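First comes the structure, then the notes that go with it.
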Amino acid sequence: MLKPNLHYRELHDSYLFARIAERTAAYLEAHPGQRLLRMGIGDVSQPLCPAVIRALHAAVEDQADRERFQGYQPECGAPFFRETVAAHYARRGVAVRPEEVFVSSGASDELGHILDLFDPASPALIPEPAYPAYVDANVMTGRPIRHLPTGPEAGFLPEPEAAGDAGLVYLCSPNNPTGAVLDRSLLRRWVDWANRSGAVLLFDAAYEAFVRDPALPRSIFEIEGARHCAIEICSLSKTAGFTGTRLGYTLIPLELERSGMNLNAMWVRNRTTRSNGVSYILQRGGAAVFSEEAQAQVHKTLDIYKKNAKIIADTLHRLGLFYTGGRNAPYVWMRCPEPYGSWEFFDLLLRNIQVVGTPGEGFGASGAGYFRFSAFGSPEDTEEAMARLERLLN
Ligand code: MLT
């Protein structure tokens, strides 16, 4: 008899955001007609920018034209997409070659797929609180996981001295959910450690566009030595509103080798086998994100989310609650007021003020007693939600 993958038994019954969706659906069923203010999953509220929409329309027209029509796209990415991303990094002073850029259908998908590159017996280190897909994707493959708790004393930042014998290390900066950003010196310590130990750093840069402080790194490849130990996973979801459009990219340096095997070449082998490429239309839309015109438009939208984050942070400040994030990140991470635990606080807000957030416990044990607000909602909903929170807690 065929045995299923028994590691699925080690997972929670449902994924964090599915659990939240179930609870909110149950609430709405019991209270029909209520409008919820959604600040849970980090889904964007603002539309794609005009320059991207124009590129998408033009690509649709290409598909209607016998001469310009495109069939299968190269599995690792259309040359125009790979070149555009590499040029964008060059403008930021980071040398990346087009053949080091791999198109993806989004960071969350890629964070699971990329595990194909590594021996499932090498332990993964996951600094927590963490995006729950890191843990679940590794549990599914049966890889041993070491959970590295971080807390407010160290600004929710992981230290390499605690990494032990990990083979694969997840670093997310700006961090989901805490908003903490690894500065250059801490990131350099991680890079040095990985180069010494032979580990590989999986750098999740999904929120890099929220970093405005030029002293802070947006790419791990701003750090010397990273080309020998890191993979960077990027997304256009939060940068340019592609949560429903689905497009991202992954950077794997040509120098990255372990046990005499080249990880870039391995990923080419993987993609050419497991993928038939990503839609031509989406890659045209994605490439358009990096034009000067689109960058100006995208940054206007990011400013809306940044303003939301400030509204949330200011409200928590007035309420005298401990919080982090919201400055170079679209998430605000707060300690729940006494006597509430994460899920109790979730229920309190849902039932009393119809606001949906994310319980910190969903990001790992060290998130217990914390709660995350997303700044990706509309300004109106964010203001209304914070006004209700202030009334409730006062
Ligand atoms: C989050 O809310 O943590 C993210 O939006 C989830 C995701 O990107 O998949």
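For the single chain, residues carry numbers from 1 onward in sequence order. All values derive from a computational prediction rather than experimental measurement. For ligands, and for the atoms within them, numbers begin at 1 and follow the listed sequence.
Here's the thing with S108: none of its N/O atoms is less than 3.5 angstrom from an N/O atom of ligand 1. Checked by distance only, ligand 1 and D43 stay at 3.5 Å or farther apart across all their nitrogen or oxygen atoms. Among the atoms of G40, none of the N or O lies under 3.5 angstrom from an N or O of ligand 1.
Ring geometry for F346 versus F371: interplanar angle of 30 to 60°, hence tilted. In this pair, W190 and W193 present their aromatic rings perpendicular. The plane angle is above 60°, beyond the 30 to 60° band. Ring geometry for F345 against Y340 counts as tilted: the plane angle lies between 30° and 60°, on a 0 to 90° scale.
When non-hydrogen atoms are compared, ligand 1 lies under 4.0 Å from the side chain of N176 (C-beta onward) but not from its backbone. Neither the backbone nor the side chain of M39 comes within 4.0 Å of ligand 1, counting heavy atoms alone.
Ring centroids of F221 and F203 are separated by 6.0 Å or more, keeping the two rings apart. A distance of 6.0 Å or more separates the ring centres of Y131 and Y331.
Applying the 4.0 Å criterion to heavy atoms of I41 picks out, from ligand 1, the atoms 2 (O), 5 (O). The contact set between ligand 1 and K238, taken as ligand atoms under 4.0 Å from a residue heavy atom, comprises 4 (C), 5 (O), 7 (C), 8 (O). With ligand atoms numbered from 1 in the order given, ligand 1 contributes 1 (C), 2 (O), 3 (O) to contacts under 4.0 Å with heavy atoms of R372. Ligand-side atoms of ligand 1 in range of Y331: 1 (C), 2 (O), 3 (O), 4 (C), 5 (O), range being under 4.0 angstrom from any heavy atom.
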Quiz item: What's the verdict on side chain to side chain donor-acceptor pair (under 3.5 Å) for E222 and Y89, showing C-alpha distance, side-chain angles and the deciding distance?
Solution: CA-CA 10 Å; E222 290 174 38; Y89 273 78; over 6 Å; no

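Inter-residue side-chain proximity for W333 and F156 is flagged as met; some heavy-atom pair is nearer than 4.5 Å.
When Y131, F17, Y15 are ranked by how near their heavy atoms come to atom 9 (O) of ligand 1, first place goes to Y131.
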